[in-house]
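Here the structure is laid out as structure tokens; the discussion comes afterwards.
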2 protein chains.
Amino acid sequence: MRLSPAMEDYLKVIGQMEQEGRRVTTQALAQRLKVKPPSVTGMLKKLTRLHLIRYSPYGSVELTEAGRKAALEVLRHHRLIELYLREALGLPLHRLDEEADRLEHALSEELEDAIAAALGHPTRDPHGHPIPTKDGQIEQPDDFHLTDAEHGVGFVIVRVSDRDGELLKYLESLGLVPEAVVTVVRRDPFGGPLWVQVADKTHPLGLEAAQHIFVRHLSDLEDRKESGVTASSAAPKRVRRKVASLPSADLPDPL
Amino acid sequence: MRLSPAMEDYLKVIGQMEQEGRRVTTQALAQRLKVKPPSVTGMLKKLTRLHLIRYSPYGSVELTEAGRKAALEVLRHHRLIELYLREALGLPLHRLDEEADRLEHALSEELEDAIAAALGHPTRDPHGHPIPTKDGQIEQPDDFHLTDAEHGVGFVIVRVSDRDGELLKYLESLGLVPEAVVTVVRRDPFGGPLWVQVADKTHPLGLEAAQHIFVRHLSDLEDRKESGVTASSAAPKRVRRKVASLPSADLPDPL
DNA sequence: TCCCTCTTTTAGGCATCCCTAATTATAAAC
DNA sequence: GTTTATAATTAGGGATGCCTAAAAGAGGGA
């Protein structure tokens with residue numbers, strides 16, 4: 001049975017939240033999907049009937065094996081499209097998520113394969129997120145928040161959150177993109193900014209922004225790889241590879 | 001106001017039928033859109049309310065200026081996508097229409113522009129159909145049915161219908177694609193096949209198939225132009241240019 | 001334990017777009 | 001001018017997926 005775009009969206013988001021180690025609640029889903037809670041309840045019931053999630057009223061939500069597979073497929077579509085739009089058509093980083101959200105539901109298997117092949121079967125999207133494989137494997141990120149990074153030492157940005165286009169535009173303007181090398185110079189007290197050095201410039205960075213940046217130790221061994229795109233126009237390269245699994249924390253700091 | 005995918009589909013088809021000089025009836029629309037006639041009536045009313053078409057019950061249908069603009073925009077999306085899928089991703093001719101039908105509704109203006117630029121602002125899709133310009137101009141075809149072509153003389157295929165994937169696959173296998181040079185050797189009587197010569201081989205071609213092929217005189221002056229695609233994989237080139245307008249006839253031959 | 005708050009669900013609707021069955025218009029044939 | 005076939009419309013429903021308002025559950029604090 002063919003899933004509707006709405007169902008795909010729900011599954012994708014549920015999958016992402018599980019991945020991030022967050023509890024999947026009605027409200028959280030409503031927020032992420034820009035929908036009201038009653039709509040979520042309705043869809044959760046439908047997905048339960050289809051055995052794509054496990055869920056009981058007032059309880060929390062969990063993907064079944066079938067649901068996980070479907071969710072990863074959508075996520076694969078989404079991330080392949082993002083990378084393709086970036087590499088082949090030169091779209092700016094902060095426009096990718098929105099475009100991919102619309103296109104991901106219209107992608108056939110055949111086209112997915114063609115795109116993956118054109119990109120050289122990449123493993124990371126332009127934000128640094130791992131792209132699930134066709135058979136439903138996804139690399140577990142082993143990075144941590146920039147806010148948790150030791151001061152005075154170089155780190156490499158592995159991924160940035162793609163949820164907020166404006167934030168991305170801002171980070172991009174500072175050069176805070178995947179693969180950039182950053183050093184946290186110091187952190188001002190009382191929720192003050194992080195002073196981060198990137199490309200020989202130091203910028204104050206609000207904690208909220210910093211929380212959307214994930215880094216790894218510069219010293220970690222990397223196997224670099226190019227993405228092998230056919231057509232390209234002004235796009236940075238990607239890095240990365242798997243090491244281990246470790247869900248990242250989730251801290252909604254006030255001011 | 002944002003048009004729904006269904007509305008876009010209706011407008012696109014109405015526009016195409018007007019273009020082909022055919023009367024736009026409820027039934028014809030139902031057939032083309034794979035929908036039942038009552039559904040068409042309902043949608044026609046809605047489009048009338050939105051001033052996208054002019055229509056009165058039991059009468060026939062006509063695009064308004066706003067409707068024509070919307071229809072051409074969808075058609076532009078459709079044909080740009082077809083060409084892009086062919087040129088950049090190497091999809092086979094007979095898969096293009098179906099893929100584009102799904103993608104055309106998810107294409108932003110920005111992405112449309114990026115694709116058009118990547119293709120070098122092309123004027124023809126892979127089936128040889130003219131691509132409307134961004135400001136709503138569309139070239140009037142000045143070609144005619146292969147069935148009307150003089151015997152023993154060379155013609156160049158300008159466009160083939162894209163409606164039937166199976167037919168396209170067949171035509172492709174015979175080399176009957178846009179830009180191929182064909183000669184009608186003879187036509188057997190009583191609805192018998194056309195014997196067409198293409199690339200030194202002569203094939204019998206049923207009238208039904210032949211009706212989906214449109215040609216021009218070889219002697220007509222052409223300004224050839226490449227399509228300027230960034231990435232390409234095994235695709236034929238395009239030809240063509242405008243000369244005049246002349247709606248093509250429409251003859252549903254019995255055997 | 002009871003209350004209060006916050007979350008979630010139920011109830012009831014609306015818009016979109018499709019369907020089948022039944023009715024009405026149109027137009028061609030006698 | 002009827003009759004009759006065909007085309008188109010109305011009537012009535014169903015599935016999706018969203019909404020608001022109201023009710024119900026869950027959990028913490030006194």
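Naming: A, B, ... by sequence-line order, numbering from 1 per chain.
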Any [X] side-chain nitrogen or oxygen under 4.0 Å from OP1 or OP2 of [N]:
| X | N | value |
| --- | --- | --- |
| B:T26 | D:dT9 | yes |
| B:K36 | C:dC18 | no |
| A:Y10 | D:dC18 | yes |
| B:S39 | C:dC19 | yes |

As a test of reading the structure: which of [options] is closest to the side chain of [X], going by heavy atoms?
| X | options | value |
| --- | --- | --- |
| A:K45 | C:dT10, D:dC18, C:dT8 | C:dT10 |
| B:A6 | C:dC17, C:dT9, C:dT7 | C:dC17 |
| B:Q27 | D:dA7, C:dC17, C:dT9 | D:dA7 |
| A:V35 | D:dC18, C:dC17, D:dA8 | D:dC18 |

Polar contact flag, side-chain donor to acceptor under 3.5 angstrom, [X]-[Y]:
| X | Y | value |
| --- | --- | --- |
| A:H77 | A:E112 | yes |
| B:E139 | B:T123 | no |
| B:Q211 | B:H145 | no |
| B:E166 | B:H94 | no |

Least distance between heavy atoms, A:P141 atom then A:Q19 atom: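 So the two residues come closest at CD-NE2, 4.0 Å.
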Any N/O pairs under 3.5 Å between the protein and nucleotides 22-25 of chain D? List them or say none.
unit_1	atom_1	unit_2	atom_2	d
D:dG25	O4'	A:Y58	OH	3.4

Rounding to an integer number of Å, can you tell me how far [X] [atom1] sits from [N] [atom2]?
| X | N | atom1 | atom2 | value |
| --- | --- | --- | --- | --- |
| A:L29 | C:dT8 | CG | P | 9 Å |
| B:M43 | D:dT9 | CE | P | 14 Å |
| B:L50 | C:dA15 | CG | C1' | 13 Å |
| B:R23 | D:dA8 | CZ | C1' | 11 Å |
| B:R2 | C:dA15 | CZ | C1' | 17 Å |

Under 4.0 Å between any heavy atoms, over every strand shown, what does [X] touch: base, sugar-phosphate, or nothing? Just pick one.
| X | answer |
| --- | --- |
| A:P37 | base |
| B:S4 | sugar-phosphate |
| A:T41 | base |

Atom pair OG1/NE2 of B:T133 and B:H121 - distance to nearest 0.5 Å: 12.0 Å
Pair B:E20 + B:R163: basic N to acidic O under 4.0 Å: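 Salt bridge flag = yes for B:R163 with B:E20.
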